[in-house]
Amino acid sequence: AGDITAGTTLEYMLQFENDGNDTAHNIHILDTLSDNLDINTIKQIASSHKVTMHLFKWGTHNVAKFDFPNIKLLDSSYHGLCQGFVTFSIKTVTPLAPGSTIENQVGIYFDINPVVMTNKVVSMIGCPTGSVTTNAVKVQLYPNPVKDVLNVKAEGTNNTMTITNTLGQVIATQTLNSNIN
């Protein structure tokens, strides 16, 4: 979870534990993937037991199903032997606007028992960091992040401000004639 950039490869580890009082014979995990993830880049990395990954559509959403057939996962009285996991990676789509989120929460199914939902993890496309270059002039920029209007407060007058994007292209150049522009 946290701030990421578009095109980032995310890695998820889905862990489960049989905290019941009987052996779990079949387990499957359903993960409805965020629309901000590129289904073509999903890769299963590792698992604790033999697992098969199936990808399918549910409405307009992509779903990854991880099947652990005939797993025979021992019950909670067998500490250390009643747990399992699967790990996979997937990239975010590009481009994604700053503030876009990627949420992930999965359902784990033990035999015929009700679903167990995991905690929700949220990653967000962060705002690109900027830099201020000055010639010994104190400058304040706000708000951060900016939506429509960027306020520039600079000491003195007759200073020139140039705004560039993350590619270094000049977006705007302005002479600062007062304290706030």
Side-chain angles (χ1 to χ4, degrees), residues 1-19 24 26-71 73 80 82-111 113-133 141-150 162-172:
D3 285 353
I4 59 172
T5 58
T8 295
T9 299
L10 299 174
E11 188 173 301
Y12 294 102
M13 176 181 274
L14 311 176
Q15 297 175 297
F16 53 89
E17 179 177 4
N18 181 2
D19 61 1
N26 296 291
I27 297 172
H28 71 269
I29 300 172
L30 290 178
D31 190 346
T32 303
L33 301 168
S34 166
D35 293 338
N36 289 335
L37 294 172
D38 182 357
I39 191 67
N40 297 313
T41 64
I42 193 168
K43 293 180 184 164
Q44 187 177 314
I45 298 171
S47 65
S48 58
H49 299 78
K50 184 178 178 182
V51 62
T52 305
M53 179 176 68
H54 307 278
L55 302 174
F56 62 92
K57 285 272 198 197
W58 183 36
T60 61
H61 301 289
N62 292 305
V63 176
K65 181 179 182 183
F66 299 92
D67 269 321
F68 294 86
N70 205 27
I71 188 173
L73 190 65
C82 59
Q83 300 165 335
F85 74 91
V86 63
T87 305
F88 71 95
S89 66
I90 190 166
K91 286 185 178 183
T92 64
V93 297
T94 56
L96 281 176
S100 298
T101 59
I102 296 94
E103 296 183 2
N104 198 23
Q105 182 178 29
V106 305
I108 304 171
Y109 298 81
F110 293 85
D111 295 323
N113 296 303
V115 64
V116 176
M117 296 303 295
T118 66
N119 58 316
K120 185 185 293 185
V121 177
V122 179
S123 297
M124 181 184 292
I125 303 301
C127 296
T129 58
S131 63
V132 176
T133 306
L141 306 172
Y142 59 93
N144 184 11
V146 65
K147 185 174 180 181
D148 296 316
V149 176
L150 172 66
T162 303
I163 299 175
T164 59
N165 65 16
T166 56
L167 301 175
Q169 300 165 323
V170 175
I171 302 300

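The shown structure was predicted, so the numbers you read here are calculated from the model rather than taken from an experiment. We count residues from 1, following the sequence as given.
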Okay, side chain of S48, backbone of F85: is any donor-acceptor separation there less than 3.5 Å?
yes
Straight-line distance of M53 CE to K43 NZ, nearest 0.5 Å:
11.0 Å
From CG (N18) to CG (N113), nearest 0.5 Å:
8.5 Å
Stepwise side-chain contact (heavy atoms from CB on, under 4.5 Å) check, V63 with L30:
CA-CA 7 Å; V63 176; L30 290 178; 4.1 Å; yes
Under 3.5 Å, side chain of T92 to main-chain N/O of L37, donor-acceptor pair present?
no
Would you mind reporting whether L33 and H61 have side-chain heavy atoms less than 4.5 Å apart?
no
Could you grab the distance from atom OH of Y12 to atom CD1 of I45, nearest 0.5 Å is fine?
12.0 Å
At their closest point, which heavy atom of Q83 faces which heavy atom of L73, and how far apart are they?
O-CD1, 3.6 Å
Is Q105 reaching over with its side chain to a backbone N or O of T118, donor-acceptor style, under 3.5 angstrom?
yes
Contact summary for T94 and A6, nearest pair of heavy atoms
CG2-C, 3.5 Å
Is there a donor-acceptor pair closer than 3.5 Å between any side-chain N or O of T101 and the backbone N or O of E103?
no
Could you point out which residue of T32, V86, L14 forms a side-chain contact (heavy atoms from CB on, under 4.5 Å) with V106?
L14
Pick one: which of Y109, F68, F16 meets ring pair (Phe, Tyr, Trp, His ring centres under 6.0 Å) with H28?
Y109
Measure the NZ-CG distance between K120 and N104 for me, rounded to the nearest 0.5 Å.
10.0 Å
Where K65 and F56 come nearest, the two heavy atoms and their spacing
CB-CE2, 3.9 Å
I'd like to know if the side chain of D111 and the backbone of N26 have a donor-acceptor N/O pair within less than 3.5 Å.
yes
Are the side chains of H49 and I27 in touch, meaning some heavy atoms are under 4.5 Å apart?
no
Hey, does I4 have a side-chain heavy atom less than 4.5 Å from the side chain of I102?
yes
Looking only at heavy atoms, what is the nearest atom pair of A97 and S100, with distance?
O-OG, 2.8 Å
Please name the pair of heavy atoms, one in P69 and one in K50, separated by the smallest distance, quoted to 0.1 Å.
CD-O, 4.5 Å
OG (S89) and CE (M13) are apart, to the nearest 0.5 Å, by 12.5 Å
List the steps, then state whether side-chain contact (heavy atoms from CB on, under 4.5 Å) holds for N62 with K57.
CA-CA 5 Å; N62 292 305; K57 285 272 198 197; 3.4 Å; yes
Side chain of T8, backbone of L10: donor and acceptor closer than 3.5 Å?
no
Measure the CD1-CG distance between I90 and D38 for me, rounded to the nearest 0.5 Å.
7.0 Å
Taking all non-hydrogen atoms of both residues, which atom of A64 and which atom of I42 are closest, and how far apart?
CB-CD1, 4.1 Å
